[in-house]
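Order of appearance sets the numbers: ligands from 1, and atoms from 1 within every ligand. We're numbering straight along the sequence, starting at 1.
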Amino acid sequence: MNVCVIGAGYVGLTTSAVLADLGNYVYCVEKDEQKVETLKNGHCPIFEPQLEPLIKTHLKNDRLYFTSNLAKAINDSSIIFIAVGTPTLSDGSTNLSFLESVIEELSSCIHSYKVITTKSTVPIGTNQKIIDELISLGVPSHLFDVVSNPEFLREGSAIQDMLQPDRIVIGGKGNEPIHSIKQLYEPLKAPYLVTSLEGAEMIKYASNAFLATKISFINEMSKICDSYNIDIEKVAEGIGMDPRIGPHFLGAGLGYGGSCFPKDLKALTYLAKQKQIIPYLLEATKTINDQQVEFFIEKLMKTEPDLIDKKITIWGLSFKPNTDDIRESQSIKMIKLLSAKGYHLHVHDPVVNIPLSNTTFYESLYDSIEQSDVLIIATDWELYKQADWSLVSKKMKGNLLFDCRNCILPETISHFGLHYLGVGRL
Ligand SMILES: NC(=O)c1ccc[n+]([C@@H]2O[C@H](COP(=O)([O-])OP(=O)(O)OC[C@H]3O[C@@H](n4cnc5c(N)ncnc54)[C@H](O)[C@@H]3O)[C@@H](O)[C@H]2O)c1
Ligand SMILES: O=c1ccn([C@@H]2O[C@H](COP(=O)(O)OP(=O)(O)O[C@H]3O[C@H](CO)[C@@H](O)[C@H](O)[C@H]3O)[C@@H](O)[C@H]2O)c(=O)[nH]1
């Protein structure tokens, strides 16, 4: 099949590479011409495991084209995916300006039947508005159908998530467009859930809200565990053994960041309030997450009150491991708060290197801890979990390891004379 994907971000690039891998011919249309040039040369502008090799393979075998020419891509494709950003506005509502310009551009390019498929996460009612807008811009209704096909990939494992989805949600009206999308994904052998446009939009928000709530729940439990000297990791394991709860997303730590949970929680809260519903649980989830970094800093200050003039090293800048995405990174929030308190920080990250005030960046993991008094792990990269603790303890001046992701076993480091501080951990 010939497919067009609009937007070469995390979702657009993964969708393009995977659809090419499934045997389709894919145009990936991106408005940023510099990005298009980078991609045409086989370089991926983002760090996402497995993505660059897949892009290179399908550029070579002519299944994947990068372009900024929307009209040609639309003319040659029967299915169009929209994967542009839908960021938050200051009142919590969603900035749909990228999507709106795509619809306007599309309206002048549709001359034969197209299935327009929204992968971007959009507020309830947006897909219906796309239909109304295209018609009002003069596109005959028999020349298109609109389908909502929300994306559930996680950064850091995007390719795997898209190749082996837990489910494929398709929202729409009529059999023909839904059948086309099912045909496209047929090789994935995933379970389908077919619903209305609005149902699919809501499933995406409810999924992210539920996962974020699970994280805030375990973070609240970890504070209670902390004050009663109970190991939260055992508690998470114990509750997770109940299949009604499940073991996933019970990792206590600095809280969630990234481009999705914070944004989608705000959007759903806004949507609820638009209908005079007070979303108590969503608000509590956000409040807990917002306080998490301050809670960790207080914990650090209680253990090590005299930190001024001491060398503090922080490992990890990205919002989670295996990505270079720093959107809403809790680690960066922590660095900014500590820096505002007058501390100078020494940081390392395997893929992110951005300028931050009062911060020295190190390329080398072990150089970053030379003569450090405190080492803070803010992102649970495998590299940090596998660190040479004997070397760490030799290089550091002090001995405090503050594990903000509970990703190191306390007994692993205690052999080397390091003092472990986690959350809800003995
Ligand atoms: N990042 C994720 O892990 C993830 C997962 C699931 C769903 N989503 C949702 O998918 C959507 C995209 O997210 P993302 O992280 O990939 O976004 P992103 O910001 O990384 O990328 C969006 C891309 O679209 C391009 N773009 C904007 N307007 C365009 C236009 N008119 N024509 C062509 N290109 C245009 C931008 O230049 C950018 O490269 C969002 O709605 C997001 O909520 C994201
Ligand atoms: O037990 C856990 C699991 C995750 N996190 C944090 O939660 C955030 C989000 O992690 P994750 O969900 O793995 O990454 P995302 O790439 O943001 O993926 C989420 O957001 C995407 C965009 O909507 C969805 O498609 C995915 O299904 C959804 O998991 C990160 O800061 C993690 O550190 C925790 O603190 N504890």
- Is a side-chain donor or acceptor of E48 paired with a backbone partner of S157 at a separation under 3.5 angstrom?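 Yes: the side chain of E48 pairs with the backbone of S157.
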- Message: Do Y65 and K40 have side chains that approach each other closer than 4.5 Å (heavy atoms only, starting at C-beta)?
- Response: no
- Would a 4.5 Å heavy-atom cut-off, applied to side chains only, mark T379 and S318 as touching?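 Touching, per the 4.5 Å side-chain cut-off.
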- Cation-pi geometry met for K72 and Y27 (6.0 Å, 45°):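 No, K72 and Y27 do not form such a contact.
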- Partner residues of F402 under the ring pair (Phe, Tyr, Trp, His ring centres under 6.0 Å) criterion, sequence neighbours left out: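 With neighbours one apart ignored, the set is F296.
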- Item | Test of ring centre spacing under 6.0 Å for H348 and Y384 | yes
- Query: Is the distance between the ring centroids of H142 and Y113 under 6.0 Å?
  - Reply: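 Centroid distance H142-Y113: not below 6.0 Å, so no.
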- Task: Could you pull out every protein residue that has a heavy atom closer than 4.0 Å to ligand 2, ordered by chain and then number?
- Result: E151, F152, L153, R154, E155, K204, N208, I215, F249, L250, G251, G255, Y256, G257, C260, F261, D264, F319, K320, R405
Is there any protein N/O under 3.5 Å from an N/O of ligand 1, and what does the full list of such pairs look like?
residue  : atom   : partner : partner atom : Å
ligand 1 : 1 (N)  : E155    : OE2          : 2.9
ligand 1 : 3 (O)  : E155    : OE2          : 3.3
ligand 1 : 15 (O) : R327    : NH2          : 3.1
ligand 1 : 16 (O) : Y10     : N            : 2.9
ligand 1 : 16 (O) : V11     : N            : 2.9
ligand 1 : 31 (N) : E105    : OE2          : 3.4
ligand 1 : 34 (N) : K31     : N            : 3.2
ligand 1 : 37 (O) : E30     : OE2          : 2.5
ligand 1 : 39 (O) : E30     : OE1          : 2.7
ligand 1 : 39 (O) : E30     : OE2          : 3.3
ligand 1 : 39 (O) : K35     : NZ           : 2.5
ligand 1 : 41 (O) : T86     : OG1          : 2.6
ligand 1 : 41 (O) : T121    : N            : 2.9
ligand 1 : 43 (O) : T121    : OG1          : 3.3
ligand 1 : 43 (O) : K263    : NZ           : 2.6

Exercise answer: donor-acceptor pairs, residues 78-86 side-chain atoms, under 3.5 Å, sequence neighbours excluded:
residue : atom : partner : partner atom : Å
T86     : OG1  : T121    : O            : 2.8
T86     : OG1  : K263    : NZ           : 3.4

- Are any of the side-chain nitrogens in K273 or E283 under 4.0 Å away from the carboxylate oxygens of its partner? yes
